[in-house]
Amino acid sequence: MQLSEQEILRRENMQQLRELGIDPYPPEAFEVTAYAKQVKEGFKDGEGETPNFQEVSLSGRLMGSRVMGKASFAELQDTTGRIQVYIARDEICPGEDKDLYNKVFKKLLDIGDFIGVKGFAFRTRMGEITIHVKELTVLSKSLKPLPVVKRDEEGNVYDAFTDPEQRYRQRYVDLTVNPEVREVFLKRSKLISAMRRYFDGQGWLEVETPILQPIHGGAAARPFATHHNTLDMPLYMRIANELYLKRLIVGGFDGVYEIGKMFRNEGMDRTHNPEFTSMEIYIAYKDYNWMMAMVEELLEYIAKAVTGGTQVEYEGKMINYAGPYRRLSMYDSIKEYTGIDISEMDEAALRQTCKSLHIEVDSSMGKGKLIDEIFGEKVEEHLIQPTFITDYPIEMTPLAKKHRSVEGLVERFELFVNGKEIANAYTELNDPIDQRERFEDQLKLAERGDEEAMALDEDFLRSLEYGMPPTSGLGIGIDRLTMLMTDKHSIQEVLFFPQMRPQKKQEGEPGAEPGAEA
RNA sequence: GAGUCCGUAGCUCAGUUGGCUAGAGCACUUGACUUUUAAUCAAGGGGUCCUGGGUUCGAGCCCCAGCGGACUCACCA
């Protein structure tokens with residue numbers, strides 16, 4: 001592998017450290033007693049106050065230094081942020097031997113190296129809270145130069161590390177030099193933990209169900225197929241976990257939820273990654289009306305936990321997550337945005353309506369799909385504030401219970417925010433006879449050419465025959481919800497490691513894969 | 001999958017109608033400097049111009065193909 005000039009220099013610096021008796025990768029733990037943010041926010045040196053943080057120990061990456069002869073300022077970046085450190089030659093080298101300053105600090109340390117410092121906090125003439133270093137320890141040498149992103153006092157960024165490909169492929173670099181990226185993932189983590197906390201507080205049980213499934217049920221999507229050698233059978237990466245969670249309701253749990261990865265072998269773009277995180281929850285003895293109220297409470301709780309408030313800006317629009325949200329039936333929403341009442345139309349009339357609205361259709365589309373097309377084309381984009389769309393045509397929803405009062409509809413809602421679906425819920429179908437018929441209708445759609453039609457799962461039907469209590473279920477796309485809560489407009493920005501094409505191997509560099517050097 | 005744009009130093013980017021040895025800032029090296037902060041000052045090193053063909057006296061630039069990426073559109077969450 002061809003090393004750059006700077007990589008060679010860093011290796012030489014590492015060697016010289018060894019020659020000075022300094023292990024560039026010491027095994028000992030380094031005791032940390034304070035963090036950058038903590039010191040910067042908590043330091044007191046006002047009138048009549050005794051300064052605190054007078055004996056602290058911090059560690060982190062060296063992210064820049066300003067050497068002025070016998071004294072220097074450097075930037076130390078730990079997990080909480082950056083703090084300035086002051087290093088004076090005669091402080092860290094009290095004796096005759098000035099090597100630690102003149103050689104180690106000035107020559108052999110590089111940007112990106114992990115160091116530990118012990119000293120005391122003070123305020124410089126310029127007013128910056130700084131650690132006055134008494135002891136300096138090398139903790140880990142960095143052999144590859146990091147991009148150096150500079151910021152001036154107005155917050156302007158120079159030489160930003162912004163290339164999306166490099167940022168996603170080398171997320172560790174992105175996280176090191178772009179502090180705002182780290183914030184997004186902290187929020188993602190807060191979002192998931194808030195959700196979990198909310199569910200656990202209700203007494204619902206977090207469960208795990210199979211990722212490798214013999215039948216890819218519960219949703220309409222193309223799966224990843226794999227093969228189990230010992231059983232010599234095909235297995236599919238799950239596209240949904242719905243049918244397994246319902247089996248657990250059959251088995252007697254009143255509330256179960258799972259937060260986990262789903263896998264769909266479909267296109268990739270700024271809202272789709274082949275694997276994505278979804279939360280599904282099923283609560284016995286509830287219906288979709290109850291579930292809407294729960295979602296309102298949940299999202300308000302999450303918004304507060306993640307952003308501190310219920311108003312969250314997205315793409316310049318202020319989204320209000322405080323409930324209650326507007327509730328609108330699918331037919332009413334279409335009437336509102338097109339002026340057309342489709343509630344009494346048959347398939348031919350719907351097809352004609354699509355034509356008049358300039359919506360492309362094909363012969364494989366049934367009644368439900370046609371309605372979905374109209375909705376997707378004419379309504380979705382208008383649903384900016386959180387809005388529940390309720391009561392979907394039965395054809396497109398084979399796992400939901402028939403509507404209690406309107407023929408041809410099911411008890412389903414989707415929650416739309418900023419024109420995008422972020423939650424989907426039903427009053428679950430628990431009538432095993434009806435469920436079998438619905439699966440059979442799906443098979444007919446499949447024969448007609450609908451590639452997304454759902455497969456029939458005999459074991460699931462068997463479980464329903466034993467009896468499932470009335471139940472409401474809900475699914476939420478965690479990645480998309482994270483996008484909304486962090487004002488990020490592509491899914492890659494909320495996934496640490498979004499799926500990428502394989503990296504082109506460099507010539508003479510068979511170990512281009514990460515980790516191959518180790 | 002379709003369209004548009006892009007690929008030059010470790011990073012961010014210039015590079016004219018094709019014309020001398022391919023440039024800048026940061027980073028790096030050497031030197032000066034004991035409260036600086038995008039530190040400053042002086043000097044210096046660093047390039048497979050994505051890859052492979054082609055046109056040409058001559059290609060970073062033009063043509064063809066490929067690889068990789070970004071954006072927009074279509075489908076799934």
Side-chain angles (χ1 to χ4, degrees), chain A residues 2-10 12-13 63-75 82-91 101 106-107 110-112 122-128 130 132 143-170 173 177 219-223 239-240 261-280 360 372-373 376-377 414 420-424 451-452 475-481 483 489-492 500-508:
Chain A
Q2 196 66 42
L3 292 178
S4 69
E5 179 195 28
Q6 292 190 44
E7 287 173 313
I8 292 165
L9 274 162
R10 282 172 180 236
E12 287 171 5
N13 289 346
M63 293 302 283
S65 63
R66 297 175 285 279
V67 178
M68 288 154 302
K70 298 178 189 66
S72 303
F73 289 92
E75 299 290 326
R82 286 192 187 188
I83 191 163
Q84 179 169 266
V85 297
Y86 173 73
I87 300 175
R89 187 192 67 183
D90 298 336
E91 296 274 349
Y101 184 78
K106 277 172 70 176
K107 307 282 183 196
D110 293 299
I111 288 176
F122 76 109
R123 197 181 294 270
T124 66
R125 239 183 254 161
M126 304 300 288
E128 179 145 350
T130 301
H132 187 123
L143 296 182
K144 251 178 148 43
L146 286 166
V148 175
V149 179
K150 297 212 169 195
R151 288 172 176 77
D152 66 18
E153 60 269 20
E154 276 121 48
N156 299 314
V157 179
Y158 300 83
D159 301 324
F161 180 67
T162 55
D163 177 37
E165 183 189 4
Q166 291 199 65
R167 287 183 48 232
Y168 303 153
R169 283 196 198 280
Q170 302 188 51
V173 174
V177 305
R222 292 169 58 195
I239 55 173
K261 288 281 179 75
M262 304 297 154
F263 307 85
R264 298 191 181 176
N265 204 344
E266 291 169 343
M268 291 162 58
D269 60 26
R270 73 174 197 291
T271 55
H272 296 88
N273 195 64
E275 59 183 279
F276 63 99
T277 302
S278 110
M279 186 293 302
E280 289 213 21
E360 280 185 35
D372 192 39
E373 290 291 321
E377 283 293 318
E414 292 188 317
K420 304 268 166 48
E421 179 208 332
I422 64 152
N424 182 22
E451 288 181 14
E452 296 167 1
I476 294 180
I478 298 293
D479 311 291
R480 292 188 179 177
L481 185 58
M483 288 165 66
H489 312 134
S490 85
I491 198 168
Q492 288 81 10
M500 306 284 284
R501 277 199 175 73
Q503 200 162 9
K504 192 174 67 171
K505 279 187 183 169
Q506 304 289 309
E507 205 172 326

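If you're wondering where the values come from, they're calculated on a predicted model, not measured in any experiment. As a basis for the values below, the full set of heavy atoms in this structure was taken, side chains included, without hydrogen atoms, waters or symmetry mates. Each chain gets a letter, A, B and so on, in the order its sequence line appears, and its residues count up from 1.
For the C1' atoms, the distance linking B/A14 with B/A32 amounts to 32 Å, nearest Å. Between B/G15 and B/G7, the two C1' atoms lie 15 Å apart (nearest whole Å). Spacing of C1' atoms, B/G19 relative to B/G58, comes out at 7 Å, to the nearest Å. Taking atom P in both B/G60 and B/G23, one finds a spacing of 13 Å when rounded to whole Å. Rounded to a whole angstrom, the distance from the P atom of B/G54 to that of B/C61 is 14 Å. With C1' as the reference atom, B/U36 and B/U72 are 47 Å apart, rounded to whole Å. Rounded to whole Å, the separation between the C1' atoms of B/G52 and B/C5 comes to 23 Å. A gap of 22 Å separates the C1' atoms of B/G31 and B/U35, to the nearest Å.
Summary of the strand contacts: A/Thr130 and A/Val67 both lie near RNA chain B, and taking for each the nucleotide with the nearest heavy atom, the more 5' one is attributed to A/Thr130. When the nearest nucleotides of RNA chain B are assigned to A/Arg264 and A/Ser490 by heavy-atom distance, the more 5′-ward of the two goes with A/Ser490.
Contact check, A/Arg66 against B/U36: no side-chain N or O comes under 4.0 Å of OP1 or OP2.
The partner of B/G47 is absent, by the rule that a Watson-Crick or G-U pair needs both atom distances under 3.5 Å. Nucleotide B/C5 has B/G69 as its partner under the Watson-Crick or G-U criteria, with both atom distances under 3.5 Å. Pairing for B/U37 is absent, with no Watson-Crick or G-U wobble pair whose two atom distances lie under 3.5 Å. Nucleotide B/C26: paired with B/G10 (Watson-Crick or G-U wobble, both distances less than 3.5 Å).
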Whether each nucleotide of nucleotides 26-31 of chain B has a protein heavy atom under 4.0 Å at its base (B), only at its sugar-phosphate (S) or at neither (-) is summarised, 5' to 3', as SBSSSS

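A/Lys144 and A/Glu7 are joined by a salt bridge, as a carboxylate oxygen and a charged side-chain nitrogen come within less than 4.0 angstrom of each other.
No hydrogens or angles were tested; on distance alone, nothing pairs the side chain of A/Tyr86 with the base of B/U36 as donor and acceptor under 3.5 Å. If you check distances only, the side chain of A/Arg125 never reaches the base of B/U35 with a donor-acceptor pair under 3.5 Å.
Here CD1 of A/Ile422 is found 6.5 Å from CD1 of A/Ile476. Values are rounded to the nearest 0.5 Å. In this structure, the separation between CD1 on A/Ile491 and CG on A/Asn273 is 5.5 Å, given to the nearest 0.5 Å. Interatomic distance, CZ of A/Arg10 versus CD of A/Glu12, reported as 13.0 Å (0.5 Å rounding). The CZ atom of A/Arg151 sits 7.0 Å away from the CZ atom of A/Arg82 when rounded to the nearest 0.5 Å.
A/Met68 has its CE atom 9 Å from the P atom of B/U34, to the nearest Å. In this entry the distance linking CZ of A/Arg222 with P of B/G1 reads 12 Å, nearest Å. Distance, A/Arg151 CZ to B/A39 P: 12 Å, rounded to whole Å. If you take OH of A/Tyr168 and C1' of B/A70, they are 10 Å apart, rounded to a whole angstrom. What separates OH of A/Tyr158 from P of B/U12 is a distance of 17 Å, to the nearest Å. Atoms CD (A/Gln166) and P (B/C50) sit 15 Å apart, rounded to a whole Å. Here B/C50 presents its C1' atom at 13 Å from CG of A/Asp163, a figure rounded to the nearest Å. Following rounding to the nearest Å, A/Ile83 (CD1) and B/U37 (C1') show an atom-to-atom distance of 14 Å.
For A/Pro147, counting side-chain heavy atoms from C-beta on, the closest listed nucleotide (B/U35, B/U37, B/C11) is B/C11. Looking at the side chain of A/Arg169, the nearest of the listed nucleotides B/G68, B/U35, B/U37 is B/G68. Side chain of A/Glu165, nearest nucleotide from B/C33, B/U37, B/G68: B/G68.
Here A/Asp90 lies in heavy-atom contact (under 4.0 Å) with a base. Within the nucleic acid shown, A/Asn273 comes within 4.0 Å of at least one base atom, counting heavy atoms only.
Looking at heavy atoms from C-beta onward, A/Phe263 lies out of side-chain contact with A/Ile239 at the 4.5 angstrom threshold. Put simply, the side chain of A/Arg264 reaches to within 4.5 Å of the side chain of A/Phe276, judged on heavy atoms. For the pair A/Val173 and A/Leu146, the minimum side-chain heavy-atom distance is below 4.5 Å. Side-chain contact between A/Glu75 and A/Arg66: present, with at least one pair of heavy atoms (C-beta onward) separated by less than 4.5 Å. Under the 4.5 Å side-chain criterion, counting only non-hydrogen atoms from C-beta, A/Val149 is in contact with A/Val157.
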Polar atoms only, N or O, under 3.5 Å: list the protein pairs with nucleotides 72-75 of chain B and their distances.
unit_1	atom_1	unit_2	atom_2	d
B/C75	N4	A/Asp269	OD2	2.5

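Using the six-membered ring where Trp is involved, A/Phe73 and A/Tyr86 have ring planes that are tilted, between 30° and 60° apart.
For A/Lys261, the salt bridge (Lys or Arg N to Asp or Glu O under 4.0 Å) partners are A/Glu275, not counting sequence neighbours.
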